[in-house]
Amino acid sequence: MTPWIFVHNPLERWLDDYPRIFDAWEEGGVRGIVVGRLWFVQEDGDGMPLWGDTLTPAFPADPKGYAALGINPPPDTPRNLEKERKLHALLDDAAGRGWKILIFDSRDGLRLLYQRGQGTVSGLPPEQDPVGAVEVAAGVQDIMGAFPQAHGVVLDQPGEHDYELELHRGTELFKLHGLQRHRFEMQGADVPRIERAIARLRRRFHELTPDLVRYHSPGGLLGALELFDLEEDGLYWLRVRRQTALDFMAAVRARIDELDCTLELGGIPRTAAFSGLTGQDFGQMARYFDLVFPKHYFWHRGNDGLYGTAARWVQQVGAWNPALTEADCFAVVKAWMGLELPGVETLADMELGFPEEFFERLVHDETRRALEAVGEEKAIPWVSTGRHPHGGEAMPARDLHGILTASRRAGARRFLFQPDPDLGASEWSVISGLCGTRWRQSPEGYWPGDSTRPDVFGAESP
């Protein structure tokens with residue numbers, strides 16, 4: 001497989017030593033980078049990034065492009081011309097190597113940053129831009145004009161709906177918050193009907209009993225319909241979620257195609273096991289995106305990891321229904337999502353890491369599902385091993401090796417690796433060994449930034 005690397009925030013991490021880093025990456029097989037988000041951070045006296053209100057956009061807005069689309073441009077903000085110069089030099093270097101270059105961002109994201117989460121600031125009435133597609137397209141056009149080195153832009157979680165329980169990250173599957181309500185209203189959906197469906201399902205998830213679970217959960221689709229008392233309103237709600245996500249994708253694609261520039265549009269959905277909940281139908285998504293990056297996020301705890309999400313569901317179902325055993329709760333999760341964790345029978349099993357069959361079966365099958373739905377030319381697993389910025393339990397190099405080899409066996413030709421926030425020595429050894437010339441540490445050579453150099457301890461590398 002061919003690796004790409006995510007050059008992500010803080011961008012300052014990469015701006016000074018990129019020639020040596022890129023030389024090493026190229027030797028290890030890297031042929032592409034994704035860069036972003038497009039802001040710089042100030043640093044304290046110890047060189048640590050200061051977040052919050054200290055973010056500075058990495059390029060100036062072009063008001064003409066926004067005016068051409070009839071929307072308001074982002075407000076003027078401070079600039080750091082020296083960091084901008086270095087970022088362009090980094091991109092020029094990557095372009096000179098013939099690498100694929102994509103930007104992880106849209107001007108929409110930056111504009112929301114400026115407004116501190118106040119929502120759309122395009123100036124267009126909702127009926128003219130119901131899902132914010134014009135604003136996204138304006139941001140994409142702005143980026144492509146500012147960074148001619150780039151081949152395209154990647155949008156994170158396009159159209160995604162909530163899939164966690166009990167307000168994890170401030171959202172919950174069985175509660176209708178303001179943004180979702182707005183999306184459904186713009187869709188023309190029957191919101192009172194959706195509210196009835198959600199209330200009924202939430203009530204049912206509080207009323208599960210051992211006899212219901214043990215009788216219905218092994219019964220496939222028809223058994224699950226009975227277990228969750230899923231009737232017409234509930235099915236309507238699930239269809240609306242899917243259609244709302246697809247309408248966002250279609251609207252963005254249509255606006256992108258109207259731009260006076262050629263670009264590749266990428267999208268990053270959750271892994272296939274969660275696509276039924278997020279509304280991100282991979283097969284339909286491929287119609288609107290040139291590249292699809294399924295999130296190969298498998299860590300425990302933190303945000304977005306498959307193990308962590310499954311464990312939270314099991315714990316919450318158990319808290320709502322104290323009579324259920326852990327085995328019952330795992331059966332509920334399997335009936336609802338189709339998700340079965342190899343080698344896991346209890347929550348305690350999940351504390352022991354990932355058995356080999358997890359990679360051989362689940363990672364392989366998740367990869368294969370994406371490839372079958374999207375196509376091998378478009379599907380690129382987005383691989384991360386926890387830590388920053390998701391706060392998950394760190395997955396060791398052995399697990400990274402398991403993810404990559406299972407993905408390759410399933411047919412993946414490329415993957416993108418997201419450092420956390422930088423590569424570790426063992427991680428880079430695994431990637432380079434599988435994809436290029438295996439890295440060998442030396443005192444003078446490249447050293448992955450997330451591992452401590454031996455000379456820090458007064459010893460030389462062998």
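Here the structure is a predicted model, which is why all the values come from computation and not from measurement. In what follows, residues are counted from 1 in the order of the sequence shown.
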Contact check, side chains of [X] and [Y], non-hydrogen atoms, under 4.5 Å:
X	Y	result
Phe293	Trp4	yes
Pro158	Met285	yes
Val252	Leu265	yes

Pairing of [X] and [Y] as salt bridge, 4.0 angstrom limit:
X	Y	result
Arg255	Asp129	no
Arg312	Glu166	no
Asp290	Arg253	yes
Lys295	Asp156	yes
Asp422	Arg13	yes
Arg369	Asp365	no
Glu351	Arg301	yes

Is the ring pair [X]/[Y] parallel, tilted or perpendicular, if the boundaries are 30 and 60 degrees?
X	Y	value
His390	Trp299	tilted
Phe104	Phe6	perpendicular
Phe358	Phe354	tilted
Phe205	Trp320	perpendicular

Query - Value rounded to 0.5 Å, distance of CG in Leu81 from NZ in Lys86 - result: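 Rounded to the nearest 0.5 Å, the CG-NZ separation comes to 12.5 Å.
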What pair of heavy atoms forms the shortest contact from [X] to [Y], and how long is it?
X	Y	result
Met1	Pro3	O-CD, 3.6 Å
Glu366	Ala272	OE1-N, 3.2 Å
Phe22	Ala94	CE2-CB, 4.0 Å
Pro148	Ala146	CD-O, 3.4 Å

For residues [X] and [Y], is any side-chain donor paired with an opposing acceptor at under 3.5 Å?
X	Y	result
Gln149	His88	yes
Asp399	Thr385	no
Asp247	Thr244	no

Query - Output field: ring centroids Phe359/Phe298 closer than 6.0 Å - result: no
Query raised in the report: How about His161 and Phe184: are their ring centres within less than 6.0 Å of each other?
Result: yes
Query raised in the report: Are the side chain of Lys378 and the backbone N or O of Ala286 linked by a donor-acceptor pair below 3.5 Å?
Result: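 Confirmed, Lys378 side chain pairs with Ala286 backbone.
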Report task. Identify the residue among Leu11, Asn80, Asn9 that makes a side-chain contact (heavy atoms from CB on, under 4.5 Å) with Trp39. Result -> Asn9
Query raised in the report: Which one of Tyr18, Phe417, Trp14 satisfies the ring pair (Phe, Tyr, Trp, His ring centres under 6.0 Å) criterion with Trp25?
Result: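 Passing option: Trp14.
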Report task. Decide whether a cation-pi geometry holds between Arg183 and Phe248; the criteria are a distance under 6.0 Å from NZ or CZ to the six-membered ring centre and an angle within 45° of the ring axis. Result -> no
